[in-house]
Amino acid sequence: MSTTGATADPLAALGSLPGVAESVESVRKAVDRVYGHRIMRRRSNEITSEAALRGARGSAALSGADWALEEVRRRTDFSAEDEARTVGAALRLTAEAGQLLSIWRQSPLRVLARLHLVAAADKGDEVGRPRQDGEPVDEPLVELPLPDAHEVAGRLEGLSQLIIAGGSAPALVTAAVVHGELLALRPFTSHNGLVARAAERIVLVGSGLDPKSICPAEVGHAELGRAAYAAALDGYASGTPEGMAAWIAHCGKAVELGVRESTAVCEALQRGAA
């Protein structure tokens with residue numbers, strides 16, 4: 001992660017990059033609108049459940065398992081083939097993320113290890129810990145140079161310290177940095193994209209921006225497409241102000257598209273209740 005100059009709160013400094021404040025404000029207004037929808041007063045639990053399902057589907061799509069929503073909803077066995085296991089991992093992570101909110105601000109590295117353990121769902125020696133030098137990484141979507149284990153450890157510790165310290169950075173900025181840093185580092189031997197997007201969800205929910213978890217950014221990331229996702233990540237990895245701002249804006253647009261998805265669900269439920 002690169003920031004614009006030395007500061008005690010580097011995440012907050014990113015909020016001053018050109019266009020970032022506008023993205024933050026646009027996201028806040030979109031989230032406020034869906035939370036103000038009349039159906040949310042009576043059926044918010046249903047919206048949360050549907051957002052979780054659609055978010056998991058979107059995250060799996062970005063990891064190469066682009067299933068129709070109804071297939072995800074219908075399927076009960078997620079162990080048969082690679083795509084099914086990816087969808088199953090995304091569903092498990094979405095469910096697990098909500099259980100880890102209280103731990104995140106005190107021990108983010110513990111949460112990341114838990115997320116990887118849940119995603120991998122096996123007992124291999126490489127599961128639930130950062131990778132070591134020489135261990136291969138299975139993450140075909142991300143083609144950035146792979147940092148060595150020493151760099152990964154240092155940057156993860158730095159990210160952890162920033163989260164624990166808190167600060168005044170907007171939730172969108174923190175979520176985008178957590179997401180981008182995990183994708184750039186690929187700290188685990190597998191499932192890094194799924195873990196990164198689950199961590200983004202944890203930040204958005206835990207920050208209070210989306211406390212009911214009804215704004216699935218994963219839906220937006222999938223809708224924007226894998227090519228745009230990879231291009232925006234390249235901007236983050238460049239460390240330039242323009243690249244960082246573009247990544248944050250991309251994440252903001254993903255949240256807004258997640259809001260649009262849940263708004264449509266609210267409208268459908270309202271029509272059914274009319």
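The basis for the numbers below is simple: all heavy atoms, side chains too, and nothing from hydrogens, waters or symmetry mates.
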(request) Could you check Leu146 against Arg131 for side-chain contact (heavy atoms from CB on, under 4.5 Å), going step by step and ending with a plain yes or no? (result) CA-CA 11 Å; Leu146 190 67; Arg131 58 182 169 82; 3.4 Å; yes
(request) Taking only Lys NZ, Arg NE, NH1 and NH2, and the carboxylate oxygens of Asp or Glu, determine whether Asp66 and Arg57 approach each other closer than 4.0 Å. (result)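 Result for this pair is yes, salt bridge flagged.
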Do [X] side-chain atoms and [Y] backbone N/O form a donor-acceptor pair below 3.5 Å?
X: Asn192; Y: Leu183; result: no
X: Ser49; Y: Asn45; result: yes
X: Arg38; Y: Gly36; result: no

(request) Please step through side-chain contact (heavy atoms from CB on, under 4.5 Å) for the pair Leu14 and Val20, ending with a clear verdict. (result) CA-CA 8 Å; Leu14 295 175; Val20 170; 5.9 Å; no
(request) Using the six-membered ring wherever Trp is involved, compare the ring planes of His221 and His179 and label them parallel, tilted or perpendicular (cut-offs 30° and 60°). (result)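 Answer is perpendicular, since the angle exceeds 60°.
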(message) Asp82: which residues meet the salt bridge (Lys or Arg N to Asp or Glu O under 4.0 Å) condition with it, sequence neighbours left out?
(response)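 Asp82: salt bridge (Lys or Arg N to Asp or Glu O under 4.0 Å) contacts with Arg85.
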(request) Not counting sequence neighbours, which residues clear salt bridge (Lys or Arg N to Asp or Glu O under 4.0 Å) with Asp32? List them please. (result)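 Checked Asp32 against salt bridge (Lys or Arg N to Asp or Glu O under 4.0 Å); matches are Arg28.
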(request) Scan Thr263, Val259, Thr48 and name whichever one has a side chain to side chain contact (heavy atoms under 4.5 Å, CB included) with Ile214. (result)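 Testing each of Thr263, Val259, Thr48 against Ile214, the sole residue satisfying side chain to side chain contact (heavy atoms under 4.5 Å, CB included) is Thr48.
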Heavy-atom closest pair, residues [X] and [Y]:
X: Ala176; Y: Cys251; value: CB-SG, 3.8 Å
X: Leu156; Y: Pro187; value: CD1-CB, 3.8 Å
X: Val178; Y: Ile163; value: CG2-CD1, 4.0 Å

(message) Against Arg54, only a single residue in Glu70, Glu223, Glu261 fulfils salt bridge (charged side-chain N to carboxylate O under 4.0 Å, His left out); can you say which?
(response)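 Considering Glu70, Glu223, Glu261, a salt bridge (charged side-chain N to carboxylate O under 4.0 Å, His left out) with Arg54 is found only for Glu261.
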(request) Taking atom CZ of Arg73 as the centre, report whether more than 12 heavy atoms of other residues, nucleotides or ligands fall under 6.0 Å from it. (result)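 Above 12, so yes.
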(message) If you count heavy atoms of other groups shown closer than 6.0 angstrom to CD of Glu143, is the number above 12?
(response)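 For Glu143, atom CD is not crowded (no more than 12 foreign heavy atoms under 6.0 Å).
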(request) Output all residues satisfying ring-ring contact (aromatic ring centres under 6.0 Å, His included) with His116, sequence neighbours left out; order by chain, then residue number. (result)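 Applying ring-ring contact (aromatic ring centres under 6.0 Å, His included) to His116 gives Phe188.
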(message) Could you check whether any side-chain heavy atom of Leu62 comes within less than 4.5 Å of a side-chain heavy atom of Arg197, counting everything from C-beta outward?
(response)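 Yes - at least one pair of side-chain heavy atoms lies under 4.5 Å apart.
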